[in-house]
Amino acid sequence: MEPFVLAHEPALRLAAFAAVLAVMALWEILAPRRRRTLARRRRWPANLGVVVLNTAIVRVLFPAAAVGMALSAESQGWGLLNRYGVPAWAAVAAGIVLLDLAIYLQHVMFHAVPALWRLHRMHHADLDIDVTTGARFHPVEIVLSMLIKLAAIAALGVPPAAVVLFEVLLNATSMFNHANVRIPSALEPALRWLVVTPDMHRVHHSVERDETNSNFGFNLPLWDRLFGTYRAQPRAGHESMTIGIPDFRDAAECNTLTGMLAIPFHGGKALPRGIHHGKDALHSQ
Ligand SMILES: [Zn+2]
Ligand SMILES: [Zn+2]
């Protein structure tokens, strides 16, 4: 593990986040996939605000971060990959793929277990979807995810390099696959065999329950195809599908920082569907 990467990990990570955010935001302006249903200024302050909050919480609670656990596992010989003396390059590749599988399974679990869904539904309650949705998670979900990741790293013996690569990759692909970007239709069907595309993940943000419970992958589309949770397109089409969850349709709670943080703890303010669709149309631009 390069000492430079370890010493400058927070700065490198912030630079990667800012660079991907800038590129995707520019792409959203140049080639948007759908018309926005809620203006950026109504969504971005809270979506980016929760990123700042989560970053601070993780720094305080887990000063050694996930890479610290990987270094301990390496020096103590913990976990499958360390125990069986797998060659370094193979351990890095296997570590990344196995962590991606762990994140897929964790995502399915956050949908299936009601108490966990309460936390995860904050991610889904965004009334529109774009690059910033990809970093919008409840702080308690972030802490639980970190604990699960630490356990997975120790059990699998994921090498430190794989952990850093995976975290930067997951951050980048999450912002990519939430972005409101148009990918040429000649390229998209092939690309979604390699990586989860925005059109694929947008199905997961549909207000329709069966569509919400599909396309759980963040990096590799393989897991959804393998475990039967893959769904190619939303029934209503990408242009006219409704984003979000039925019980949370009020921008005052779904797209403000205090409202978002409270989402796990109450049932939401559902509006009759017909009324809300009318309201959506008014916000269209
Ligand atoms: Zn989800
Ligand atoms: Zn998502």
Side-chain angles (χ1 to χ4, degrees), residues 17 20-21 24-25 27-28 33-34 36-38 43-44 46-48 50-51 54 99-146 148-149 167 169-181 183 192 195-221 223-225 227-234 238 241-249 254-255 260 263-264 268:
F17 173 78
V20 177
L21 178 65
M24 296 317 299
W27 190 350
E28 288 184 342
R33 180 69 168 99
R34 306 162 19 97
R36 288 184 180 273
T37 53
L38 206 58
R43 298 177 45 254
W44 280 38
N47 283 6
L48 294 176
V50 84
V51 175
N54 287 339
L99 279 181
D100 197 48
L101 173 60
I103 295 286
Y104 168 88
L105 294 172
Q106 178 194 319
H107 191 182
V108 172
M109 185 175 78
F110 270 79
H111 277 246
V113 178
L116 297 177
W117 168 249
R118 281 177 165 265
L119 297 170
H120 181 62
R121 72 187 176 192
M122 192 215 90
H123 175 67
H124 283 265
D126 198 345
L127 292 174
D128 203 353
I129 177 170
D130 72 4
V131 56
T132 61
T133 314
R136 170 196 154 117
F137 293 92
H138 197 278
V140 181
E141 178 173 1
I142 290 287
V143 170
L144 283 178
S145 303
M146 186 56 140
I148 292 168
K149 187 158 65 181
E167 290 194 316
L169 199 67
L170 182 67
N171 203 241
T173 52
S174 182
M175 287 196 287
F176 167 72
N177 64 41
H178 285 85
N180 180 33
V181 295
I183 293 174
R192 64 165 66 194
V195 68
V196 174
T197 61
D199 276 11
M200 232 185 113
H201 191 72
R202 198 175 300 108
V203 178
H204 185 73
H205 282 263
S206 164
V207 78
E208 304 293 340
R209 195 62 190 254
D210 57 336
E211 295 182 339
T212 311
N213 289 325
S214 67
N215 297 3
F216 293 95
F218 276 108
N219 281 312
L220 297 173
W223 313 122
D224 283 300
R225 305 246 189 193
F227 298 117
T229 49
Y230 175 70
R231 191 177 284 261
Q233 307 294 343
H238 289 281
M241 68 185 286
T242 303
I243 299 295
I245 34 181
D247 291 345
F248 291 84
R249 308 303 309 164
C254 296
N255 291 96
M260 280 158 56
I263 282 176

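For the single chain, residues carry numbers from 1 onward in sequence order. One-based numbering, in listed order, for ligands and for the atoms of each.
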* Asked: Which angle, to the nearest 10 degrees, do you find at the Zn ion (ligand 1) between NE2 in His120 and NE2 in His204?
  -> 170°
* To do: For Asn171 and Phe17, work out which heavy atoms get closest and say how close.
  => OD1-CD1, 3.5 Å
* For the student: nearest non-hydrogen atoms of Val181 and Arg202, plus distance -> O-NH2, 4.2 Å
* To do: Measure the acute angle between the ring planes of His124 and His107, then classify it against the limits of 30° and 60° as parallel, tilted or perpendicular.
  => tilted
* Structure fact -> Taking the Zn ion (ligand 2) as the apex, His201 NE2 and His123 NE2 span an angle, rounded to 10°, of 160°
* Asked: So does His124 have any N/O/S atom less than 2.8 Å away from the Zn ion (ligand 1)?
  -> yes
* Asked: Is the Zn ion (ligand 1) under 2.8 Å from any N, O or S atom of His107?
  -> yes
* To do: Give a yes or no on whether a salt bridge exists between Arg121 and Asp247, defined as a side-chain N under 4.0 angstrom from a carboxylate O.
  => no
* To do: For this output row, return yes or no: ring centroids of Phe227 and Tyr104 closer than 6.0 angstrom.
  => yes
* Can you tell me the N, O or S atom of His178 that's nearest the Zn ion (ligand 2)? -> NE2
